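Working notes, beginning with the structure itself.
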Amino acid sequence: QVQLVESGGGLVQAGGSLRLSCAASGRTFSNYAMGWFRQTPGKEREFIASISGTGGSTLYANSVKGRFTISRDNAKNIAYLQMNSLKPEDTAVYSCAARISGITVSWRYWGQGTQVTVSS
C-alpha cells in the first residue's frame with residue numbers, strides 16, 4: 001500500500017508560482033510512477049503530469065507544458081509539481097497519484113488533494 005499526502009496549495013495571483021508536494025509512504029518510492037491531476041466542479045479529472053519511478057521520463061498535458069514541472073526526490077519520498085505562470089483557469093483541486101512503474105497503467109493510489117486558487 002502507498003499513502004499519499006499533498007501539500008503546498010493556496011491562493012496566488014495570476015502570473016505567480018506555487019510548488020506542490022506529495023509525500024509518499026508505505027512502499028519503495030522508486031518503484032512507483034507518480035502523477036498529478038486536477039479537478040474542478042463540473043469537469044472531469046484532468047491529467048497534468050507524470051514522472052517515471054526513477055525520474056527518467058516525464059509527460060505533461062498540453063495545457064501546462066512549459067509552465068509546470070514535475071520532479072521527484074526518491075531519497076525523501078516526495079514528488080513535486082512546480083507551477084509557474086499560473087492562470088485563473090489553473091484553479092482546481094490538485095491530487096497526486098501513484099502506480100507501479102512498468103507493471104500497471106492504472107493510477108491505483110490517490111492523495112486527498114490540495115486546493116489551488118489563482119486570482120486574476
Side-chain angles (χ1 to χ4, degrees):
Q1 300 295 314
V2 175
Q3 295 80 47
L4 305 174
V5 180
E6 302 95 337
S7 63
L11 175 64
V12 297
Q13 293 183 329
S17 298
L18 203 63
R19 187 179 73 166
L20 305 182
S21 298
C22 176
S25 63
R27 297 294 187 194
T28 301
F29 189 54
S30 62
N31 288 345
Y32 294 86
M34 300 296 297
W36 285 97
F37 299 77
R38 68 187 182 189
Q39 189 169 27
T40 57
K43 296 183 65 177
E44 295 182 359
R45 184 163 53 200
E46 177 186 9
F47 167 80
I48 298 301
S50 64
I51 186 167
S52 60
T54 61
S57 63
T58 58
L59 181 66
Y60 295 93
N62 288 334
S63 60
V64 305
K65 192 174 299 181
R67 298 188 298 122
F68 292 8
T69 302
I70 189 171
S71 62
R72 66 191 298 157
D73 186 338
N74 286 350
K76 298 180 179 179
N77 284 16
I78 299 176
Y80 301 98
L81 183 68
Q82 178 67 46
M83 304 183 294
N84 298 327
S85 301
L86 283 163
K87 306 173 181 179
E89 50 263 46
D90 293 321
T91 296
V93 174
Y94 285 73
S95 300
C96 64
R99 63 171 176 83
I100 301 175
S101 185
I103 302 298
T104 64
V105 297
S106 298
W107 297 98
R108 184 173 181 86
Y109 305 104
W110 294 84
Q112 292 297 311
T114 184
Q115 177 70 46
V116 172
T117 302
V118 184
S119 62
S120 59

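Since the model is a prediction, treat every value here as computed from it, not as a measurement.
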How far apart are the closest heavy atoms of [X] and [Y], and which atoms are they?
| X | Y | result |
| --- | --- | --- |
| Gly113 | Ser95 | CA-OG, 3.5 Å |
| Val116 | Met83 | CG2-CE, 3.9 Å |
| Ser101 | Gly53 | OG-N, 3.6 Å |
| Ala98 | Val2 | CB-CG1, 4.4 Å |
| Ile51 | Thr58 | CG1-CG2, 3.8 Å |

Q) Excluding sequence neighbours, so at least two apart, what forms side chain to side chain contact (heavy atoms under 4.5 Å, CB included) with Ser7? A)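 Testing Ser7 for side chain to side chain contact (heavy atoms under 4.5 Å, CB included), a comparison that skips the adjacent residues, returns Ser21.
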Q: Just jot down the side chain to side chain contact (heavy atoms under 4.5 Å, CB included) partners of Thr54, sequence neighbours excluded, or say none.
A: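 Thr54: side chain to side chain contact (heavy atoms under 4.5 Å, CB included) contacts with Ser52.
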Tell me, please, which residues at least two apart from [X] pass side-chain hydrogen bond (donor to acceptor under 3.5 Å, both in side chains).
| X | value |
| --- | --- |
| Lys76 | none |
| Gln39 | none |
| Arg67 | Asp90 |
| Ser25 | Gln3 |

Q.
Using the rule given for side chain to side chain contact (heavy atoms under 4.5 Å, CB included), can you reason through Leu20 versus Glu6, listing the C-alpha separation, both sets of side-chain angles and the distance that settles it, and then say yes or no?
A. CA-CA 7 Å; Leu20 305 182; Glu6 302 95 337; over 6 Å; no
Q: List, by chain and then residue number, the residues other than Phe37 in its hydrophobic cluster (Ile/Leu/Val/Met/Phe/Trp/Tyr, side-chain heavy atoms under 4.5 Å); write none if there are no others.
A: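 Grouped by the 4.5 Å side-chain rule, Phe47, Leu59, Trp107, Trp110 form the rest of the cluster around Phe37.
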Q) Can Ile48 be reached from Ile78 by stepping across I, L, V, M, F, W or Y side chains whose heavy atoms are under 4.5 Å apart? A)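 Result: no, two separate clusters.
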(Q) For Thr28, is there any backbone N or O sitting under 3.5 Å from a side-chain donor or acceptor partner on Asn74? (A)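 Side chain of Asn74 to backbone of Thr28: no pair is present.
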Atom pair [atom1]/[atom2] of [X] and [Y] - distance to nearest 0.5 Å:
| X | Y | atom1 | atom2 | value |
| --- | --- | --- | --- | --- |
| Ser50 | Arg99 | OG | CZ | 6.5 Å |
| Leu4 | Met34 | CG | CE | 5.0 Å |
| Thr114 | Trp36 | OG1 | CH2 | 7.5 Å |

Q | Residue pairs passing the ring-ring contact (aromatic ring centres under 6.0 Å, His included) test where at least one lies in residues 52-81, sequence neighbours excluded | A |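 Sorted result for residues 52-81: empty, none.
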Distance-only donor-acceptor hits, side chain of residues 12-19, under 3.5 Å, sequence neighbours excluded:
from: Ser17; atom 1: OG; to: Asn84; atom 2: OD1; distance (Å): 2.9

**Q.** disulfide bond (SG atoms under 2.5 Å apart): pairs with one or both residues in residues 48-93, sequence neighbours excluded
**A.**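 Passing the test, one end in residues 48-93: no pairs.
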Q: Any pair with a residue in residues 87-120 that passes disulfide bond (SG atoms under 2.5 Å apart), sequence neighbours left out, goes on the list, sorted by first then second residue, please.
A: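 For residues 87-120, and leaving out neighbouring residues, the disulfide bond (SG atoms under 2.5 Å apart) pairs sorted by first residue read Cys22-Cys96.
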Q: With the side chain counted from C-beta on, respond yes when Thr91 and Gln115 share a heavy-atom pair under 4.5 Å apart, and no when they do not.
A: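 Contact flag for Thr91/Gln115 side chains = yes.
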Q) With a 4.5 Å limit on heavy-atom distance, are the side chains of Arg108 and Ile100 in contact? A)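 Of all side-chain heavy-atom pairs linking Ile100 with Arg108, none is under 4.5 Å.
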Q: Only pairs at least two apart or in different chains count here, so list each salt bridge (Lys or Arg N to Asp or Glu O under 4.0 Å) that has a residue in residues 43-56.
A: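 Counting only pairs at least two positions apart or across chains, the salt bridge (Lys or Arg N to Asp or Glu O under 4.0 Å) contacts touching residues 43-56 are Arg38-Glu46.
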